[in-house]
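One structure is given below, encoded as structure tokens.
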Amino acid sequence: VLLLSKDSAPRSASRWAQGGIAAVTRPEDSFASHIADTLEAGAGLCDPPAVELLVREAPACVERLLQLGMDFDRHAGQLSTTLEAAHSHRRVLHAQDRTGGALVDALEKRVLQRPGLLRLQGALALRLWIDGGRCRGLQVLHNGALRWVAARAVVLATGGGGHLFANTTNPSQASGDGIAMAWGAGATIRDLEFVQFHPTVLSAPGAARFLLSEALRGEGARLVNAEGDAFMTRYEPAGDLASRDLVARAIVREVERTGKPVYLSVVHLDPAFVRSRFPTIVAACAEAGLDLTREAVPVSPAAHYVMGGVETDLDGRTSVPGLFAAGEVACTGVHGANRLASNSLLEGLVFGARAAEAMAGAVRTATLWDSETRAFDGPVANHDPLPTANDVRDVMWRAVGLVRDRAGLTRAVDQLTRWSGALRGAQVLEYGDPGVRRLHSIVTVGLRIARAALYREESRGGHYRSDFPSRDDARWQRHVADVTHVSG
Ligand code: SIN
């Protein structure tokens with residue numbers, strides 16, 4: 001087993017996840033309720049069998065994590081659970097406000113103990129090796145050498161694409177690489193217009209943007225305007241715990257109405273509780289010069305999660321034989337148009353394990369081709385001027401962000417198409433330059449998102465069109481797929 005990661009730093013969206021893992025663990029909760037909440041959030045586009053599997057396999061995943069030594073918070077000996085938006089029960093398990101970090105630490109420790117595992121860090125995957133309609137491995141740049149690495153099966157676990165947008169909660173690795181590679185290999189890509197914007201990201205002037213977990217609102221935090229007025233119930237009956245898309249758009253409206261920022265406030269909660277339950281968030285606010293326990297802190301929305309991705313079946317198989325996908329890069333059908341809070345780590349656990357089982361079966365029959373290595377000649381010179389990643393991220397944020405319309409999307413599609421042409425002319429995949437590789441992913445996936453958003457003339461879940469503000473089930477209760485056909 002060869003485990004490739006493009007970065008040597010231990011950074012990933014999973015590791016950064018704060019809130020928790022949703023699972024039915026309490027007698028007053030039920031599978032039916034977790035399923036209903038997930039389907040409701042997904043706004044008519046979840047695949048019910050995938051949701052059923054996700055929810056029913058969740059408690060066993062939690063049990064396995066406990067066996068692996070993961071330290072969930074407890075109260076009086078029982079696993080503690082919190083509430084997050086659009087959940088009808090307290091079912092989110094957590095490890096303070098660094099649940100993802102605790103999860104990745106536990107799994108990584110276990111994985112690295114396995115014999116026969118080769119881990120290459122700083123290895124840049126450039127493209128998938130497709131021959132005879134099957135994935136045979138991939139091309140990797142590592143230590144200045146370009147290698148075609150043969151594999152009986154490949155799984156993409158590359159995360160999502162928060163960094164396609166100027167404002168995001170994601171680490172910089174989340175630049176859509178896996179989706180771009182799969183699309184280049186002819187795999188079916190689905191539902192890309194559905195991007196989730198998290199409503200509460202710390203936005204203090206001059207400070208780094210930092211997620212302020214929805215679990216804060218689950219524990220009683222309130223959104224207030226500059227006058228201290230808790231405004232959410234004026235926009236949504238569910239108030240501060242309405243679904244993320246609704247809260248994010250309510251914030252935009254309140255900022256437009258007042259011309260001033262909005263704030264998240266926990267000053268009415270016990271400071272000792274806030275410090276012990278949310279130590280990472282308290283520290284991040286302190287770094288920005290703010291005391292979360294004593295003052296309301298400024299927040300605004302940022303890109304958080306891509307619901308669409310590489311279409312898979314319930315065992316992580318993509319439409320290309322030999323190629324699998326798991327986690328945010330995949331579109332398993334569990335999230336539909338909008339992901340329910342804390343279903344993402346859960347999806348990675350449930351469908352990641354299933355993909356691994358399916359791959360173990362697949363490699364028994366696949367033939368292993370010969371790998372090939374050649375020295376990397378360095379970049380090809382003379383290409384058209386390329387945009388910077390920030391140019392692209394600004395266009396995505398302004399025209400393909402929280403509020404979209406035909407005029408803005410059309411301009412974005414035109415611009416992204418021109419940039420995509422310039423990148424093709426530059427033969428970037430021969431460059432092996434991490435910056436250009438990243439730009440290629442951002443432009444490729446950005447264009448697919450913008451096109452899908454232009455095509456879907458309605459509003460649903462994470463996709464909001466100001467020129468088509470209503471949900472239109474008669475025309476649009478269906479998925480939009482994007483596929484290219486390549487050979488060789
Ligand atoms: C959060 O802690 O608010 C994020 C959790 C999630 O994305 O489900």
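Since the structure is predicted, the reported quantities are computational estimates derived from the model, not experimental observations. Numbering of ligands and ligand atoms starts at 1, following listing order. Scope of the values below: all heavy atoms of this structure, side chains included, with no hydrogens, waters or symmetry mates. For the single chain, residues carry numbers from 1 onward in sequence order.
Salt bridge absent: Glu256 and Arg253 never bring a charged side-chain N and a carboxylate O closer than 4.0 Å. Looking at Asp473 and Arg460, a side-chain N of the basic residue comes within less than 4.0 Å of a carboxylate O on the acidic one, giving a salt bridge.
Applying the 6.0 Å contact sphere to CD of Glu40 captures no more than 12 heavy atoms from other residues, nucleotides or ligands. Atom CZ of Arg294 is surrounded by 12 or fewer heavy atoms from other residues, nucleotides or ligands within 6.0 Å. Within 6.0 Å of the CD atom in Glu287, the count of heavy atoms belonging to other residues, nucleotides or ligands does not exceed 12. Around CZ of Arg114, the count of heavy atoms belonging to other residues, nucleotides or ligands within 6.0 Å does not exceed 12.
Contact residues for ligand 1 (protein heavy atom closer than 4.0 angstrom to any ligand atom): Gln18, Gly19, Glu84, His198, Leu211, Ser213, Glu214, Arg244, His304, Arg339, Ala341, Ser342.
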